[in-house]
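Report on one structure; see the data block that follows.
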Amino acid sequence: MSEEKIIRLDMGHLDGDTHKDSNRAILCLGIESSCDETSAAIVDSDRNILSHIIYSQIPEHQKYGGVVPELAARAHILAIDEVIKQTLEKAGKNISDIDVIAATAGPGLIGGVLVGWMAATGIAQSTNKPLVAVNHLEGHALVPRLHASAANGKDGSMSVEFPYLLMLASGGHCQILLVRGVGEYELIGQTLDDSAGEAFDKVAKMLGLGYPGGPVVDKRAGMGNSKAFNFPRPLCDKPGCDFSFSGIKTAARTFLDKQTAPYSEDFINDFCASFQAAVVDCIINRLTNALNDERVKNTAPKTLVVAGGVAKNSAIRAAMEKLAAENAMLFAAPPMNLCTDNGAMIAWAGIENYKLGRIVHGPIAPRPRWPLTEL
Ligand code: KG4
Ligand code: ZN
């Protein structure tokens with residue numbers, strides 16, 4: 001069976017069996033389990049997060065220097081029931097109060113995705129509630145409409161209107177997207193090799209800074225000299241909006257092969273600052289080209305948005321805020337706890353899809369790969 005045929009979303013009208021009172025906000029239970037976070041949240045259509053539990057497996061994977069898919073799947077199995085139970089308890093809700101169930105159905109580590117998806121399917125079938133199959137990337141892409149803040153992260157109460165230009169940077173993906181509406185994503189550029197998050201994680205590993213690399217490299221970069229090492233800026237002398245991070249990673253390896261470990265604290269700080277500056281320059285260069293792309297210009301998005309785990313990065317947020325101001329655009333980023341994987345973004349994407357009638361009828365198979373352009 002071809003991948004396209006596997007997932008069947010019904011685009012027709014809602015059954016309307018659970019949300020009869022249209023004046024009341026829709027209440028959605030969202031479940032995320034596509035990587036190393038088991039998370040659930042209850043979110044309403046008035047943009048309130050009633051409860052949110054994120055059980056991070058990071059400590060379990062740290063000793064291996066990255067996520068081990070089989071261990072992740074087992075950890076999700078052990079955690080999922082408790083995470084959902086606590087999410088309901090914290091919100092003071094019973095499952096009967098919930099209008100719609102949403103869960104990540106891909107892309108991601110399939111063992112983990114299956115755990116969350118089967119839990120959601122079981123709840124939806126046993127309670128006769130509508131079920132939404134959420135694309136994990138759409139969760140990241142839409143969460144700035146639930147809560148967003150400016151670069152300093154002080155005000156998390158903004159909501160972003162369509163259309164917007166999105167830099168989606170996570171551990172698994174790096175894409176520039178024109179977001180026209182729910183389910184309407186136009187790919188403007190993407191990485192040809194590694195994602196930005198992968199580059200952070202790999203460089204951190206080379207320096208012996210542990211997993212995940214992004215947060216620690218970000219912190220160390222703040223204490224270092226960004227001009228100490230001359231990292232390449234791949235593709236920045238070329239037109240277009242695609243990225244390549246493998247060259248930066250190889251340059252890091254080559255620099256480090258000439259050094260003797262253990263590295264000094266100053267060396268690590270300077271190395272992180274120089275590496276991060278190269279990543280920031282690539283992102284700004286590619287976004288500048290995207291802003292001049294005919295499709296983007298014709299759509300005239302008012303807001304420049306960053307989302308995904310890498311959106312936590314202080315230098316990327318600051319540089320993108322500056323780029324937005326130079327182009328008379330607003331800038332928005334999710335609050336820090338909604339950048340990395342979380343159940344609230346899945347619940348919110350569930351609500352946005354449910355409102356359009358995009359619920360699942362009958363069994364579907366979750367997808368390890370599921371591009372946003374195939375919704
Ligand atoms: O979105 P996410 O939680 O998982 C995926 O869907 O992949 O993103 C995780 C990625 C990791 O690569 C992590 O190193 C990166 O986000 N990350 C950061 C920062 N915090 C997390 N990268 C750069 N700077 C940060 N502060
Ligand atoms: Zn993610």
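Note that the structure is predicted; figures quoted are calculated from it, not measured. Residue indices begin at 1 and follow the sequence shown.
Counting only distance, with no hydrogens or angles, the side chain of K297 and the backbone of L291 share no donor-acceptor pair below 3.5 Å. At distances below 3.5 Å, not a single donor-acceptor pair connects side-chain atoms of D281 with backbone N or O atoms of R233. Judged purely by atom type and a 3.5 angstrom limit, R286 has no side-chain atom pairing as donor or acceptor with the backbone of G189. Using a distance-only test at 3.5 Å, with no hydrogens or angles considered, no donor-acceptor pair links the side chain of D44 to the main chain of A25. Side-chain atoms of E138 come within 3.5 Å of backbone N or O of G183 as a donor-acceptor pair. Without hydrogens or angle criteria, R145 side chain to S159 main chain gives no donor-acceptor distance under 3.5 Å. Looking only at distances, no side-chain donor or acceptor of Q57 sits under 3.5 Å from a matching main-chain atom of E37. Judged by distance alone, the side chain of D293 and the main-chain N or O of N289 form no donor-acceptor pair under 3.5 Å. Side-chain atoms of S34 do not come within 3.5 Å of backbone N or O of G108 as any donor-acceptor pair. Not one N or O on the side chain of H147 forms a donor-acceptor pair closer than 3.5 Å with the backbone of L338.
More than 12 heavy atoms of other shown residues, nucleotides or ligands fall within 6.0 angstrom of atom CG in D237. Sparse packing is recorded around CE of M118, with 12 or fewer heavy atoms of other residues, nucleotides or ligands lying under 6.0 Å away.
Under the 4.0 Å criterion applied to side-chain N and carboxylate O atoms, R358 and E352 are not assigned as salt-bridge partners. Salt-bridge annotation for E70 and R74: present, with a side-chain N of the basic residue lying under 4.0 Å from a carboxylate O of the acidic one. Between E265 and R220, at least one side-chain nitrogen of the basic residue sits less than 4.0 Å from a carboxylate oxygen of the acidic one, meeting the salt-bridge criterion. Between K202 and D194 there is a salt bridge, since a side-chain N of the basic residue sits under 4.0 Å from a carboxylate O of the acidic one. A salt bridge links D257 to R253: one of the charged nitrogens lies within less than 4.0 Å of a carboxylate oxygen. Of the charged side-chain nitrogens involved, at least one lies within less than 4.0 Å of a carboxylate oxygen, so that E186 and R295 count as a salt-bridged pair.
The distance from the CG atom of N94 to the OG1 atom of T127 is 12.0 Å, given to the nearest 0.5 Å. For the atom pair CZ (F231) and OG1 (T254), the distance works out to 9.5 Å, reported to the nearest 0.5 Å. From F331, atom CZ reaches atom CZ of R317 across 6.0 Å, with rounding to the nearest 0.5 Å. Atoms CG and CG, on L168 and L372 in that order, are 7.0 Å from each other to the nearest 0.5 Å.
Shown are K93, R24, K355; of these, the salt bridge (Lys or Arg N to Asp or Glu O under 4.0 Å) with D99 is made only by R24.
One hydrophobic cluster holds both V360 and I31 under the rule that ILVMFWY side chains link at heavy-atom gaps under 4.5 Å. Residues V113 and L109 are members of separate hydrophobic clusters, defined by side-chain heavy-atom contacts under 4.5 angstrom among Ile, Leu, Val, Met, Phe, Trp and Tyr. With hydrophobic clusters built from ILVMFWY side chains whose heavy atoms lie under 4.5 angstrom apart, L177 does not share a cluster with L235. Follow the hydrophobic side-chain contacts under 4.5 Å out from Y185 and you reach M345 in the same cluster.
In this structure the side chain of L88 reaches within 4.5 angstrom of the side chain of I42, judged on heavy atoms. In this structure the side chain of F267 reaches within 4.5 angstrom of the side chain of L256, judged on heavy atoms. Side-chain atoms of L287 and L304, non-hydrogen and from C-beta on, do get closer than 4.5 Å to each other. Side-chain contact between I284 and M320 is present, with at least one heavy-atom pair separated by less than 4.5 Å.
For the residue pair E82/Y55, the side-chain donor-acceptor check at 3.5 Å is not satisfied. For the residue pair K227 / S274, no side-chain donor-acceptor distance below 3.5 Å is found, with atom types taken as modelled. The closest side-chain donor-acceptor pair between D242 and Q190, if any, does not fall under 3.5 angstrom. In this structure, a donor-acceptor pair under 3.5 Å is absent between the side chains of E374 and N135. Side-chain polar atoms of D218 and S314 form a donor-acceptor pair below 3.5 angstrom. No hydrogens or angles considered: a donor-acceptor pair under 3.5 Å links the side chains of T38 and H76. A donor-acceptor contact closer than 3.5 angstrom links the side chains of S244 and D193. Remark: the D36 side chain and the Y211 side chain contain an N/O donor-acceptor pair separated by less than 3.5 Å.
In this structure, F245 and F243 have parallel ring planes: the angle between them is below the 30° cut-off, well short of the 60° mark.
Here the two rings, on F271 and F229, have centers that are under 6.0 Å apart.
Relative to the ring axis of Y164, R180 does not place its NZ or CZ within 45° and under 6.0 Å from the centre.
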